[in-house]
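Below is one structure, written out as structure tokens, with a few remarks after it.
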Amino acid sequence: MTSLKRFFATPARLFWVLQCAGWLGYFSLHYLSAAGHGKPWDYIWVSAAATAIGFGVTSLLRLGYRAIWELPTGRMIAAAGLLLVLATAVYSTTYAEAVFRWCFECRPESLLGYIGYFGSALYVMLSWSGLYFGIKFSREVAHERENTLRANATAHEAQLKMLRYQLNPHFLFNTLNAISTLVLDNQNATANRMVTGLSAFLRHSLDSDPMQRVSLEEELEALTRYLGIEQVRFGERLRVVVDVSAEARRALVPSLILQPLIENCIKYAISRRIEGGTIAVRANVAGECLRIRVEDDGPGLPADCSGAGNGNGVGLANTRERLKVLYGVRQRVDVRSRPAEAGCGVEVALELPFETRSDT
């Protein structure tokens, strides 16, 4: 099927295939109709001549139609009508000569007979022209639709890449600052470990394709690289809990979708408290939905920020936009303060379609 589509991908090749098939069908119908009306077998030469003449005239007519294709609509219609009449006149004249040569008794006895030949030729030329313009217009529409879809896909890809490569400058600044401090304190081994971790995380971040999704298991491995850097900075002040079901680990998610959420937790819940805090990543599957929650035990949302949908920082805005581009309305992001009995803090809940590699 693919090779067949590739064969017909060239307009010229498609035209000649349809041209030959169409006129071969015309030849068959012409001769069978004549045979049905009692014509002798050698009338086949009349059918062959009519077919050859029609094939030649319409092949030339195609060149004329191609020449006027780019004209304004009104002028193109007028020019096409003129070409159609001219082609009909040529076809009807040569067709009549061929018929009279092989079938003398077929010569019309009045002007109406010649008009009938012209009308029959006009019907054939008009049918051919209708098919030609119909196929050409349909191919143009399909081509425009394909270009539009390709442009939309390119725009979405560019948008996703832009969102995906927005590394938070605070993370880089804080990490480099921490490395500088470690070097000044002669903690070279720790600084080297932090540089190695930063290099591995950035390499993974830049090498991963933002258009491709990864399993949640792979996403958690990337998150471990990021948290390894942060734990060098915060030590025991940063505690991490991962509670993800085996089924959820198979789910496909956008690459590095959790990193900005974890970064928000570190920025607002861990770094501002001497005692640090705990970040929890939980995920489970409910029916056809993958539910991911990122929680911290920090101070929670500000008093003037209540309910879901009010988190509009760079990290959350980036996450919302990426999910919207990838899933449309089939996703949801909720941001809310955790109740006091749960330890306070903030919870960011993501709901995505549950999909695995076997589904794609």
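- Formation of a donor-acceptor pair under 3.5 Å by the Glu70 side chain with backbone atoms of Ala67 is not found in this model.
- Both Leu71 and Leu61 are members of a single hydrophobic cluster when ILVMFWY side chains are connected at heavy-atom separations under 4.5 Å.
- A single hydrophobic cluster is seen to contain both Leu126 and Met76, as judged by linkage of ILVMFWY side chains at heavy-atom distances under 4.5 Å, directly or through other members.
- Separating the CG atom in Leu18 from the CH2 atom in Trp23 is a distance of 13.5 Å, to the nearest 0.5 Å.
- Shown here are the side-chain contact (heavy atoms from CB on, under 4.5 Å) partners of Leu86, two or more places apart in sequence or in another chain: there are none.
- With rounding to the nearest 0.5 angstrom, the CD atom of Gln259 is 9.5 Å from the CG atom of Leu227.
- For the residue pair Ser59 / Trp16, no side-chain donor-acceptor distance below 3.5 Å is found, with atom types taken as modelled.
- For Ser47, the side-chain contact (heavy atoms from CB on, under 4.5 Å) test picks out Phe27, His30, Tyr31, Tyr43, with sequence neighbours left out.
- You'll find the side chain of Thr88 reaches within 4.5 Å of the side chain of Phe118, heavy atoms only.
- Test Thr319, Leu216, Val348 against Leu258 for side-chain contact (heavy atoms from CB on, under 4.5 Å) and you get one pass: Leu216.
- Identified under the ring-ring contact (aromatic ring centres under 6.0 Å, His included) test for residues 237-260, with sequence neighbours left out: none.
- Taking every heavy atom of both residues into account, Gly298 and Ala269 meet most closely at CA-CB, 3.7 Å.
- Put simply, the side chain of Leu83 reaches to within 4.5 Å of the side chain of Ile68, judged on heavy atoms.
- For Glu351, the side-chain contact (heavy atoms from CB on, under 4.5 Å) test picks out Cys289, Arg291, Arg332, with sequence neighbours left out.
- Remark: Ile262 CD1 to Lys267 NZ distance equals 15.0 Å, nearest 0.5 Å.
- Using a 4.5 Å cut-off between side-chain heavy atoms of Ile, Leu, Val, Met, Phe, Trp and Tyr, Val85 forms no hydrophobic cluster with any other residue.
- In this structure a side-chain-to-backbone donor-acceptor pair under 3.5 Å is missing from Asp296 to Cys265.
- For Tyr26, the side-chain hydrogen bond (donor to acceptor under 3.5 Å, both in side chains) criterion is met by Tyr91, not counting sequence neighbours.
- The shortest side-chain heavy-atom distance between Ile292 and Val253 falls under the 4.5 Å cut-off.
- Residues meeting the salt bridge (charged side-chain N to carboxylate O under 4.0 Å, His left out) test with Glu347, sequence neighbours left out: Arg293, Arg336.
- The shortest side-chain heavy-atom distance between Leu323 and Pro254 falls under the 4.5 Å cut-off.
- Under the 4.5 Å side-chain criterion, counting only non-hydrogen atoms from C-beta, Tyr327 is not in contact with Val329.
- Both Val57 and Phe133 sit in one connected hydrophobic cluster of ILVMFWY residues. Membership requires side-chain heavy atoms under 4.5 Å apart, directly or through other members.
- Heavy atoms from other residues, nucleotides or ligands lying under 6.0 Å from CZ of Arg239 number more than 12.
- Using a 4.5 Å cut-off between side-chain heavy atoms of Ile, Leu, Val, Met, Phe, Trp and Tyr, with links allowed through other members, Leu238 and Val242 fall into the same hydrophobic cluster.
- Between the CE atom of Met125 and the CG atom of Leu122 there is a distance of 9.5 Å, given to the nearest 0.5 Å.
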Please list every donor-acceptor pair under 3.5 Å in which a side-chain atom of residues 181-197 meets a protein atom from a residue at least two apart or in another chain.
from, atom 1, to, atom 2, distance (Å)
Thr181, OG1, Asn177, O, 2.9
Thr196, OG1, Asn192, O, 2.9

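- Connection of Trp69 to Phe15 is established within a shared hydrophobic cluster, with ILVMFWY side chains joined at heavy-atom distances below 4.5 Å, either directly or through further cluster members.
- The shortest side-chain heavy-atom distance between Ile266 and Phe234 falls under the 4.5 Å cut-off.
- Using modelled atom types, one side-chain atom of Ser245 and one backbone atom of Ala248 make a donor-acceptor pair closer than 3.5 Å.
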Subject >> Tyr268/Glu263 under side-chain contact (heavy atoms from CB on, under 4.5 Å): CA gap, chis, key distance, verdict >> reply: CA-CA 9 Å; Tyr268 296 109; Glu263 188 167 346; over 6 Å; no

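- With sequence neighbours left out, the salt bridge (charged side-chain N to carboxylate O under 4.0 Å, His left out) criterion links Glu217 to Arg249.
- Residues Ile270 and Arg237 approach most closely at O-NH2, 3.2 Å, considering heavy atoms.
- Identified under the side-chain hydrogen bond (donor to acceptor under 3.5 Å, both in side chains) test for residues 120-134, with sequence neighbours left out: Gln19-Trp128, Tyr65-Ser129.
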**OP:** Take Leu290 and Glu355 through the side-chain contact (heavy atoms from CB on, under 4.5 Å) test and state the conclusion after the steps.
**Re:** CA-CA 8 Å; Leu290 171 66; Glu355 298 172 339; over 6 Å; no

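- In this structure, Leu350 and Leu261 approach most closely via the heavy-atom pair CD1-CD1, 4.0 Å.
- Sorted by first then second residue, the side-chain hydrogen bond (donor to acceptor under 3.5 Å, both in side chains) pairs that include residues 280-289, not counting sequence neighbours, are Arg282-Glu295.
- In this structure a side-chain-to-backbone donor-acceptor pair under 3.5 Å is missing from Thr93 to Val90.
- When the side-chain hydrogen bond (donor to acceptor under 3.5 Å, both in side chains) test is applied to Glu218, the partners found at least two apart in sequence or on another chain are Ser215, Arg357.
- At least one side-chain heavy atom of Arg322 sits less than 4.5 Å from a side-chain heavy atom of Ser255.
- Counting only distance, with no hydrogens or angles, the side chain of Glu219 and the backbone of Ile257 share a donor-acceptor pair below 3.5 Å.
- Rounded to the nearest 0.5 Å, atoms OG1 (Thr51) and CD1 (Ile44) are 9.5 Å apart.
- For Glu275, the CD atom sits in a packed shell: over 12 heavy atoms of surrounding residues, nucleotides or ligands are nearer than 6.0 Å.
- In summary, Asp297 and Arg273 engage in a salt bridge, as defined by a charged side-chain N under 4.0 Å from a carboxylate O.
- If you take CG on Leu252 and CG on Leu326, they are separated by 11.5 Å, rounding to the nearest 0.5 Å.
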